[in-house]
Amino acid sequence: MIWNISYTVKNNLCIGCGICENTCPTSSITIKAKAGMFLPEINTETCINEKGCDRCHEACPGLGINLYDISNKCFKSPQIVKDAKVGRYISCYTGYSNNHDIRYHCASGGLLSQLLIFLLEKKYIDGALVTAFDQDNEFLVKSYIAKTRDEVLAAKSSKYSPVTLNHAIKDILKDNGQRFIVVGLPCHIQGFRKYEAMDKKFKEKISAYFGIYCSGGRSFYLTEYIFKKWLINKKDLNYLSYRDEGCLGNLVAKGVDSISRKPFVFKKKYQQYYHPLRSFFIPRRCTLCIDHFAELADISFGDIHIEPYSRDKIGINSLITRNKKIDEWLREAKNEGCISLQNLEIDVLKKSQRVVFQKKYRSTTFMRLNKVFGRKNPSYDSIKKDPAPIKSTLSYIHTMLQIFIGRHKKLWFIIDILKK
């Protein structure tokens with residue numbers, strides 16, 4: 001039997017990336033929001049999968065990926081170094097934008113946003129696929145091709161919410177430009193890498209993939225819970241950022257109260273609102289991921305919250321490069337005064353990202369337990385042995401309990417009890 005994307009949804013392996021909608025030659029797939037996630041719906045009358053199509057199934061990152069095989073094919077530079085936790089890489093750095101406003105208001109140190117602006121203004125690229133807050137969208141997020149400084153900055157900072165790129169491939173293919181950057185989470189980059197193997201024209205239009213470190217996605221229920229807890233009316237918003245105003249920063253919500261007609265600004269420290277909620281609203285599929293550093297991206301960006309970097313309150317990025325062209329861009333941006341950049345030891349990077357242990361090792365136990373309970377797992381070409389299976393088993397029970405609570409709104413009162 002040739003499966004279409006319904007297999008992914010049925011077995012809770014969908015990440016809501018929307019790649020499948022792009023791949024369908026008969027436009028039989030539509031991404032819709034269900035149960036706090038973006039999920040595909042299939043028009044069975046027009047679907048031609050039974051005739052051997054299989055494109056949606058082949059491009060689906062939720063089903064897993066040959067991470068190491070594809071990485072070996074994509075990154076062949078003689079300077080490449082291999083690491084069990086980081087994957088293949090050329091260089092590691094810390095850095096930040098030399099523009100104070102960008103550094104202060106964009107995630108960590110604003111280096112991703114600043115580099116995109118630099119590449120656009122130098123005309124090295126024609127556009128960048130990004131995701132931004134959208135007050136007119138029911139789900140408050142939208143993805144689009146940014147072509148100006150302002151459009152890049154509108155997409156600044158982290159999105160702790162489902163992001164679907166269901167129109168991304170079509171938008172890039174129909175655009176007259178020939179050089180695009182795609183910004184995404186590890187699973188997004190995996191989906192694009194799988195798709196480009198089927199579409200040479202699309203592959204030729206991509207200059208680079210910019211990845212973002214990811215400890216796990218979040219459902220729409222996270223935002224709904226936050227709004228409910230702090231009495232924020234979504235309809236009153238004209239600005240929302242999950243992380244703004246410095247390193248880690250604050251949740252910032254701005255708008256006009258629909259009753260009093262007075263403007264309001266709500267702020268809550270990132271670590272106070274987000275960290276206690278880490279497992280309650282994480283999709284189950286994210287607990288089975290082995291890719292923290294976006295190993296198939298040409299460059300990956302993230303935080304670095306260990307000494308001495310954690311003393312900085314404005315913002316510092318860590319980043320990993322896997323493509324010589326990226327290193328050249330970084331050096332040029334540094335030489336022109338756009339960014340600050342320093343070399344970073346790989347062991348320091350790994351120490352700063354403790355969640356990578358969970359991704360590379362704990363996930364093995366999670367998948368083993370999934371199999372015991374009759375659940376399907378993604379397929380990877382390299383699974384590492386978990387050195388602490390008992391601890392991971394307890395973590396599995398704890399995590400699945402929290403996920404169950406997070407998926408049932410009537411149980412949300414338990415969250416405050418457990419947080420204490």
Side-chain angles (χ1 to χ4, degrees), residues 17-19 21-22 31 95-99 101-137 139-159 161 163-185 188-189 191-193 195-196 199-212 238-241 244 294 297-301 317 319 323 325-326 328-330 332-334 336-339:
C17 67
I19 300 293
E21 182 175 321
N22 290 265
I31 301 298
Y96 50 84
S97 168
N98 286 340
N99 181 300
D101 286 342
I102 293 177
R103 183 182 178 189
Y104 184 67
H105 290 291
C106 298
S108 299
L111 215 154
L112 192 159
S113 297
Q114 183 66 74
L115 186 56
L116 289 179
I117 292 169
F118 172 79
L119 295 174
L120 284 168
E121 292 181 346
K122 297 288 287 188
K123 301 190 184 303
Y124 291 160
I125 61 173
D126 299 307
L129 180 70
V130 295
T131 302
F133 164 75
D134 181 8
Q135 68 185 89
D136 297 322
N137 190 304
F139 308 108
L140 301 181
V141 291
K142 67 176 180 180
S143 295
Y144 58 95
I145 297 174
K147 296 190 175 185
T148 66
R149 176 191 183 91
D150 289 344
E151 288 174 348
V152 169
L153 293 178
K156 65 181 176 60
S157 198
S158 303
K159 314 294 183 302
S161 173
V163 172
T164 184
L165 305 176
N166 57 319
H167 297 296
I169 292 173
K170 294 177 182 177
D171 289 346
I172 290 173
L173 286 173
K174 72 181 181 182
D175 194 286
N176 291 328
Q178 296 298 316
R179 302 162 301 171
F180 294 94
I181 298 288
V182 171
V183 180
L185 299 175
H188 295 144
I189 306 301
F192 284 115
R193 288 293 191 188
Y195 177 78
E196 69 178 23
D199 190 336
K200 183 179 178 181
K201 183 179 178 181
F202 175 78
K203 183 177 182 179
E204 291 174 346
K205 298 190 75 167
I206 303 303
S207 293
Y209 292 104
F210 281 19
I212 303 168
N238 54 40
Y239 178 81
L240 175 68
S241 178
D244 195 352
D298 296 280
I299 180 173
S300 300
F301 301 81
N317 283 109
L319 53 151
N323 185 316
K325 178 172 63 176
I326 300 294
E328 293 170 1
W329 284 346
L330 287 169
E332 185 175 352
K334 178 183 178 181
E336 294 195 13
C338 298
I339 64 173

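For the atom pair CD1 (Ile181) and CG (Asp126), the distance works out to 10.5 Å, reported to the nearest 0.5 Å. Atom CD1 of Ile172 and atom NE2 of His167 lie 13.5 Å apart (nearest 0.5 Å). Distance check: Leu153 CG to Asp101 CG gives 9.5 Å after rounding to the nearest 0.5 Å. Note: His105 NE2 to Asp244 CG = 5.5 Å, rounded to the nearest 0.5 Å. Note: Lys201 NZ to Ile169 CD1 = 13.0 Å, rounded to the nearest 0.5 Å. Rounding to the nearest 0.5 Å places OH of Tyr209 at 12.5 Å from CD1 of Ile326.
In this structure, Asn98 and Gly337 approach most closely via the heavy-atom pair ND2-O, 2.9 Å. The two atoms that bring Ala155 and Ala132 nearest to each other are CA-CB, 3.7 Å, heavy atoms only. Nearest heavy atom pair, residue Gly110 against residue Ile102, reads O-CG2, 3.7 Å. Scanning both residues, Asn22 and Leu165, for their nearest heavy atoms gives ND2-O, 3.0 Å. Closest of all the heavy-atom pairs between Trp329 and Ala208 is CZ3-CB, 4.4 Å.
Judged by distance alone, the side chain of Ser113 and the main-chain N or O of Lys156 form no donor-acceptor pair under 3.5 Å. Panel note: side chain Lys159, backbone Ser157; a donor-acceptor pair is recorded below 3.5 Å. In this structure, the side chain of Lys205 engages the main chain of Asp175 through a donor-acceptor pair within 3.5 Å. Under the 3.5 Å distance criterion, the side-chain polar atoms of Arg179 are matched with a main-chain donor or acceptor of Lys123. Of the possible polar contacts, one joining the Lys325 side chain to the Ser207 backbone as a donor-acceptor pair under 3.5 Å is found. Between the side chain of Asn317 and the backbone N or O of Tyr96, no donor-acceptor pair lies under 3.5 Å. Put simply, the side chain of Glu151 gets close to the backbone of Lys147: a donor and an acceptor are under 3.5 Å apart.
With sequence neighbours excluded, the residues forming a side chain to side chain donor-acceptor pair (under 3.5 Å) with Ser143 are Thr131, listed by chain and number.
In this structure, the side chains of Leu111 and Phe301 come closer than 4.5 Å at one or more pairs of heavy atoms. Annotation: side chain of Ile339 is not in contact with side chain of Leu115 (no heavy-atom distance under 4.5 Å).
Between Phe210 and the options Val183, Val130, Ile189, Leu319, a side chain to side chain contact (heavy atoms under 4.5 Å, CB included) holds for only Val183.
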Go through the steps to decide whether Tyr144 and Asp134 satisfy the test side chain to side chain contact (heavy atoms under 4.5 Å, CB included), and finish with yes or no.
CA-CA 11 Å; Tyr144 58 95; Asp134 181 8; over 6 Å; no
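Ring-plane geometry between Phe202 and Tyr195 is classed as perpendicular, the angle between the planes exceeding 60 degrees on a 0 to 90 degree scale with a lower cut at 30.
Annotation for Lys170: atom NZ counts as buried by contact number, over 12 foreign heavy atoms lying within 6.0 Å.
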